[in-house]
Amino acid sequence: MYEENLITARKICKSFGPTRALIDVDIDIRRGEIRGLIGENGSGKSTFSSLAAGLQKADSGEMYLKGEPYDPKDMVDAQRHGISMIVQEMGAIPGITVASNIFAGRLGEFSRFGILNWKKINKAADDVLADIGAPDIKGDMMTATLNFEDRKIVEIARAMSTNPDVLIIDETTTALAQKGRTIIYNLIRRMHEEDKAVFFISHDLDELMEVCNTITVLRDGVIIDTLDQDEMSVELMRKLMVGREINGEYYRADKDGTHGDEVLLKADRISVRPWFENISLEVHAGEILGFGGLSNSGMHEVGRALFGIDKVLTGSVTLPRKGKEITSPQAAVKNGMAYIPKDRDNESIVLTGSIANNILVPVWDKLEKAAGFIRPDEERKVVQEQIGKLGIKCRNGKQLVKELSGGNKQKVAFSKWLGNDCDVFIMDCPTRGIDIGVKVDMYRLMEQLKKEGKAIILISEELPELLGMSDRVLLFKDGVISKEFGREEQLGEHDVIEYII
Amino acid sequence: MDGKQVSRTSEENVQIQKQLDKKARQKERIMNLIPYAGFVFVVVALTIATGGNLFSANNLANILNQSFVMIIVAVGASFVYAHGGMDFTVGASMGLAEFVIVTMILSDKVPLAAALLTGVLVPVASSVGVACCALYLKIPVFVGSLGLRMVLMGVLNMVMTNSANGQLNISYNDYRFIDNVAVKLLVLVAVIVAGYYLFEYTGIGKKAKIIGGNRTVARESGVNVSKYVIWGYVFLGVCVGIAGIFSLFRAAGVSNTSGSGTEFNLMTCIALGGFPLKGGQRSRIINAILGAMTVCILSNGLLLCNLDANIINGIKGLLFIVIVGLSYDRSSGKLVS
Amino acid sequence: MKKQLKKWTALLLCVAMVFVMAGCGNAGDGKDDGKKDGQKQEDETKLTDTTAADVDETLAKAPHFNITVMLGSFTDSQGVETKKALEYIEEHFNVTFNYVETSNTTENTIAAIETAVASDTDGIIGACVKTAACVQAAGDVPMVNQPDIGEAMTKELAGKENYLGSVCEDDYAQGYAAGKALYEAGCRKVCIARMTVGISESIDNRGLGFLDFVAEHDDMELLADNQSRGQYADAVATFASAFPEMDGIFCVIANDGVSQAMVTEGLVGSVKLATVGYASSDKQLLENGTLVYCTGGKAAITMTCFLALYNHLLDESGMIDGETKLITRNSMEIKSVEDFEAMEKYVVGDVPPYNAEEMMNMVHYFNEEFTAGDFAEICNNYTIDDLMSRRSK
Amino acid sequence: MKKGMVYIKNLMEVLILPIALLAVFAVATNGAFINSRILMTALRQSVMGTIVCLGLTLNLNMGMMNFAGGASMICGAVIGGNLAMATGSGVPGLIFFCLIIGVGLMTIQGGLYNAFRVPCVVLSLGLTMVYEAVPRIFYPEGCTLPIDMTKLALSPYCFIIMIVMCVAFYIITEYTVLGHNMKAIGENPAIAMGAGLNIDKVKLMSFILTGVFFSIGALMYVSKGSVDNVAAMGSMPVQMESFTGMFLGKFLGKNVNKAISVPVGVFSMKLLASGLTIVGLNSNMQTIIQGTILLVLLSYAANTGLIDKIKADREFAKMARARA
């Protein structure tokens, strides 16, 4: 009864242990539709797309493809049914050739009695790559030699190699530069003209408005609303995503960029191969110093070098107040520095550890009594204090971090350092991929730390956030500081774009 | 449009959520209980098979004597396995430690205490050697400790062959004051209490678990990873040294097969006790001790059963597979190594 | 997935049960041991006055004893031979054997002895004791050890009456005799393939005997000394390729791998071989004169331990001399093909070197005038000819 | 032509070690070492080791260390040999039975591995004990083959079998769908699963193939003449014997197929062993030297990039200071 729909989903439920990712989701995607799917992290959009693409199995509910029941065993089975997907994380295997990546799992079609015919495979790969508009990449190249963007294009080629009826794109464009984005937009246009469907998942609300003709909003695993072309607006979408009014200005209301004049952190002509050279900077008490630039501009690596994770080849990083030079993360932590890494799940928290253990890691040295004894009650006091202060939603301190939502995980990463009374904070994309509600809490926390006279380095790839929060901004391009300006100059995004592209 | 109002807080959904939470906690509790169930199963099965002989008066003392070495080594090993490390040199280094002690005693120019102390330093040196290979030479721990094991076994064989053809004995009666049940119980309790204190209440244990959970997070949160990894191996070396001392005085002599096979036995104890091989927060000393007890009672009981030599190890292997199969944490699913 | 896991666990558990049943069944009544070829071979030797049935009848009247047998392993050639002989004893005598493997480590030996005492065994034989602690662990359970433990330890154990003594063959003499045999066969450049020193004392003594012989004869040169854990065939192959001028090899244990390596390496005719112990494929090496020295019938050592213990258990009659606490058995040298065939027939066949009737007469309880002297005398003239004469009577 | 040159360069990289060993021992024994007899014997001795190590490499490529290799080989050798003798089916029967048992044992291990989700290392420890006990129930005295059935260990056959197995390994890893999937999963299992490869099926197939290699290893082991059963963990030396050779091959032949580098690695170890015997060092020294070579080789492999990284860093720093 759903022939006219390409994909129909009825009452789809899916849960991972106690966390329920999707609850009674109903979706209809018709031919020629470019369906956008938005929602905060942990809202279930990636889960739904992986169900449709056969990566995971739904707990309950049915799915129909062109009217027939549809239950894919795995990704290859879904691809045979005409649904293919480009995953969010790295989907291309570096150690094998481009052609093997494109036809992974389906090499059987190119072999006679189990023996592979590499010539035929490479030729087919070249055709698909030319068809999607990337003739410079060849099938027999080794994937490891390609840069990050070309590897994503190989994944796109894999998805398009069976010219699917439905193409699912899961937050791929955020990592692509110009070349990749044009390829994606052409494909979407072509799918629309050929009366097929595209399922587009992205954080970039403006991009969605241009590309999609309908947008569905998901929150906490439940569908809130579906907007047509005319109903769409950024404010409405943001409101539906957060579920409550965003009152007042996100970022800091005040305009003054004043800060204390005592220098808390000083870098003198530091350089790390191959990322940056001769970077000098100072951060003052009560100042938010912003680092802006593209992801490969070297700003993230400067943050790591300031904290002592990567050894600096020239110059030095010093804490003038304590007169100490920073050469290792241990020295940094002992002298009151804090670092919140960009890759939250792999570098800032231990997913298999409990909330208490994650919070206490930098604090144990301070709590040690005679013979290294750490009193359990002191530990509990610190943990309860942090959970209360940041409002982490959890059963108790013993709950595992992997069961928390994205926002709560980030709160744990923050509270790790607040319990350690640090005075220099280095935050690398602290608000990336967390829901707006928690983002606002983070911004208020930064303001409060600024008032307490802490020095904060805010590294961010979102210009609005950078401009809204920083007292002073350093823009990075290809490992060099391309521009420095203060808050009082009130520069807008368009003024600074040419310094970072 | 097609999304009707479904809310998370609807009464029925809250019910489902509470039920899911309860199921998750139950599963966690069962996972922790299985090693104990394995232990009870082995004890009950063997008590029946041996007609109650397993816990007869003199067999209890035997079980203590036979399991003493493995429990001490298991307590030491829990610090290494907690941070995801491994050490195959345990057997050979214990043999070498015994050799050093015996040569010093026989030369009787050295007081007993000094001989024992130097003996303990040998496994400490070999375990720290494995740590340094892993930390500074970047050699993977698994293969690195196998290579070092080969070297140590070569050294042990050579040393033993050159001196008195592979067997050095000391007098049995002079050292009864060390090798008796009272002293052993005392030392066992002391090591377990010290181990438990260091593992649960000091930085050494806590930081070892965090390193086992995620080494990058530990490093970037200010933990001196190399120092605490080496601390773990030092504690293992000390425990192997203590075990070597008591095994030496129990046997009243050393040969080049002294301590051989302890490394594979140790891995069996860790796996049987439900101690996570990759370390992390779920590591608990009680699991390592439990594993050691299960293995030793299994060996003792099967011997008591007067089973034919041909099938004793077969049954031990089968029971090992069943218990490990049930108790191993299956979270890594298909991606298990 | 859950279904699959339950299926596998159920399968494993019932296999475990089968093992346990087979095991308990086998250990319970040693009589009809399923694994052995079972059919009761009639004693083909003619018994003069008492028939086999009478022998079994008198033996069955003796009280029952549980005896623990401990060897390094029951899987090497000597282990298998010994186990076969003991299973023969179990058939005729009213005893039950419990076989325990100690893989030659002192810890395992002590643990095995303690556990045997805990399962109230009546006596222990074998044990391959290396330190006094093993004997102490036996408490007051009577014990006959194999091989000898050296004077120092015997002195230390003087107080322990439960230690009845040790039985061994003079391994050192066998190694020395092997060296002499090679010397007489004209070998001057020899290699030795032996087990890593320290694992088994009796095997080490064979190596020492041979090395002393070579040292004493300066016109004889030792080219290589390869110690390994059982890879003797590889050692022979390496000697063959590395030392073309080699003309003699001594291997501490006879095994079929070594005999076949002599053939595959084309050493027959150019290189002589001397071994200790028995390997089935040694026969053709004897025929073509390659094998100049080999001994057999090592199972008799453990049988002697059993008889010494059995005498003690029955009526406390001591068969082993009080001071030395040691019986050094004569070793059965094999010089010719006829000797080899006789050994295969009478030693490693279905009837061990001493059949039930002969053993009965070596037990004071059944045969009053049998004395320790006779026991020592029987052990001394343990040769092929003695065996052939006994069997042909 | 360029591709050919690169291939030759890689091949030369693998052959450095055996040639270096030959040179060292040629000097040490002033020429006595270089004779075809020694090389042939070392090669013949490395046949079994090579086949076992190729089987282990199949599993190691997917991150799975398997201790049960030695035990399954002894089990296959003893039961296979005795069944062949009992049925009087000669060498073909021997091959057939060894294959059946070897593949059967590894299929059981693969099934348990997938069912229990236990790391291969831990499972193989338990299975080693079981596989060592099984042949002792049926044939406690081990297996001794009559001379006419041990033809395979003699020179023409054993080399043919080794070459066949190496070629089979080469074809499996380079040209079959299964081999390619195994490489992809070994590289990064998470992404491979995302890409739609059926990890369980591929791992089970890799166990079965390893079973084939172990059974041919068992065949060569029993064809040497006789195989005794072993006591607890007695099968470890059988497998560990050429363990160093396997890692030697793995690291020496980084960019050439393992079918070439593993045999060369195992052969080099046998050369080393016979060289040391001639020079007069006893086997204890050999174990020490083998262990040291393994450690040195592992650290070399782990830090290959280190020297030029330091050079590049110093270069970069010098330039940065100049420009400051």
Side-chain angles (χ1 to χ4, degrees), chain B residues 86 133 136-140 142-144 146-162 256 260-261 264-265 267-268 270-272 277-278 299 308-337, chain D residues 62-65 67 71 112-123 125-137 140 189-190 193 198-200 203 229 231-233 236 240 243-244 247 282-299 301-303 306:
Chain B
M86 203 180 280
C133 283
Y136 305 115
L137 295 178
K138 303 277 186 301
I139 300 180
F142 184 82
V143 186
L146 277 176
L148 202 56
R149 166 178 179 266
M150 226 185 258
V151 173
L152 289 178
M153 274 167 73
V155 169
L156 180 64
N157 283 343
M158 204 166 65
V159 192
M160 288 307 294
T161 324
N162 298 351
N256 62 2
S260 76
F264 296 115
N265 247 345
M267 189 157 220
T268 321
I270 296 287
L272 261 189
L277 272 183
K278 291 201 206 46
S299 311
D308 186 84
N310 288 343
I311 54 171
I312 264 194
N313 284 313
I315 297 179
K316 203 158 135 185
L318 271 174
L319 290 179
F320 167 80
I321 292 170
V322 168
I323 297 176
V324 163
L326 294 178
S327 71
Y328 202 78
D329 117 58
R330 307 163 56 76
S331 54
S332 47
K334 289 189 165 74
L335 303 181
V336 75
S337 78
Chain D
M62 300 178 69
M64 300 189 287
M65 177 59 203
F67 275 132
L112 286 182
Y113 174 75
N114 281 341
F116 281 1
R117 294 285 183 244
V118 168
C120 187
V121 167
V122 176
L123 185 67
L125 271 182
L127 281 174
T128 305
M129 288 190 246
V130 174
Y131 289 165
E132 281 170 357
V134 165
R136 291 183 56 175
I137 298 170
M193 192 159 77
N198 180 342
I199 290 191
D200 283 353
K203 281 193 173 177
N229 283 309
M233 289 292 171
M236 282 301 167
M240 290 296 192
F243 195 71
T244 327
F247 273 91
N282 63 35
S283 38
N284 294 333
M285 274 308 290
Q286 281 173 24
T287 357
I288 296 175
I289 290 175
Q290 261 195 7
T292 336
I293 285 182
L294 183 61
L295 288 178
V296 165
L297 161 94
L298 287 169
S299 51
N303 304 305
L306 199 60

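Only this structure's heavy atoms are used, side chains among them; waters, hydrogens and symmetry mates stay out. No experiment lies behind these values; they were computed from the predicted model shown.
Put simply, OH on D/Tyr131 and CG on B/Asn313 are 15.5 Å apart, with the number rounded to the nearest 0.5 Å. In this structure, B/Asn157 CG and D/Gln286 CD are separated by 12.0 Å, a value rounded to the nearest 0.5 Å. Atom CE of B/Met150 sits about 12.0 Å away from atom CD1 of D/Ile288, to the nearest 0.5 Å. If you take CD1 on B/Ile139 and CG on D/Leu298, they are separated by 5.0 Å, rounding to the nearest 0.5 Å.
Here D/Pro119 is the residue among D/Ala302, D/Pro119, D/Cys120 with the most heavy-atom pairs under 4.5 Å with chain B. Between chain B and the options D/Ile199, D/Asp200, D/Thr244, D/Asn284, the largest number of non-hydrogen pairs under 4.5 Å is found for D/Asn284. Ranked by heavy-atom pairs under 4.5 Å with chain B, the first of D/Met285, D/Met64, D/Lys203, D/Met129 is D/Met129.
When side chains are defined from C-beta on, D/Phe116 does not count as touching B/Val324, because their heavy atoms never get closer than 4.5 Å. With contacts defined as side-chain heavy-atom distances shorter than 4.5 Å, the pair D/Leu306/B/Lys138 does not qualify.
The backbone N or O of D/Arg136 sits less than 3.5 Å from a side-chain atom of B/Asn310, completing a donor-acceptor pair. Panel note: side chain D/Asn303, backbone B/Leu137; a donor-acceptor pair is recorded below 3.5 Å.
Contacts between D/Leu127 and chain B at a heavy-atom distance below 4.5 Å involve backbone atoms as well as side-chain atoms. Residue D/Met62: no heavy atom, backbone or side chain, is found under 4.5 Å from chain B. Contacts of B/Met153 with chain D are absent, with no heavy-atom separation under 4.5 Å from either backbone or side chain. Contact annotation for B/Leu148: both backbone and side-chain heavy atoms come within less than 4.5 Å of a heavy atom of chain D. Contact annotation for D/Gln290: both backbone and side-chain heavy atoms come within less than 4.5 Å of a heavy atom of chain B. D/Leu294 touches chain B through its side chain: at least one heavy atom from C-beta onward sits under 4.5 Å away, while N, CA, C and O do not.
When all heavy atoms of B/Leu318 and D/Val130 are compared, the closest pair comes out as N-CG2, 3.5 Å. Nearest heavy atom pair, residue D/Thr292 against residue B/Val151, reads N-CG2, 3.5 Å.
Using the six-membered ring where Trp is involved, D/Phe67 and B/Phe142 have ring planes that are tilted, between 30° and 60° apart.
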Go through D/Met233 and B/Asn265 one step at a time and tell me if the side-chain contact (heavy atoms from CB on, under 4.5 Å) criterion holds.
CA-CA 10 Å; D/Met233 289 292 171; B/Asn265 247 345; over 6 Å; no
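Of the candidates D/Val121, D/Val122, D/Val118, B/Leu277 forms a side-chain contact (heavy atoms from CB on, under 4.5 Å) with just one, namely D/Val122.
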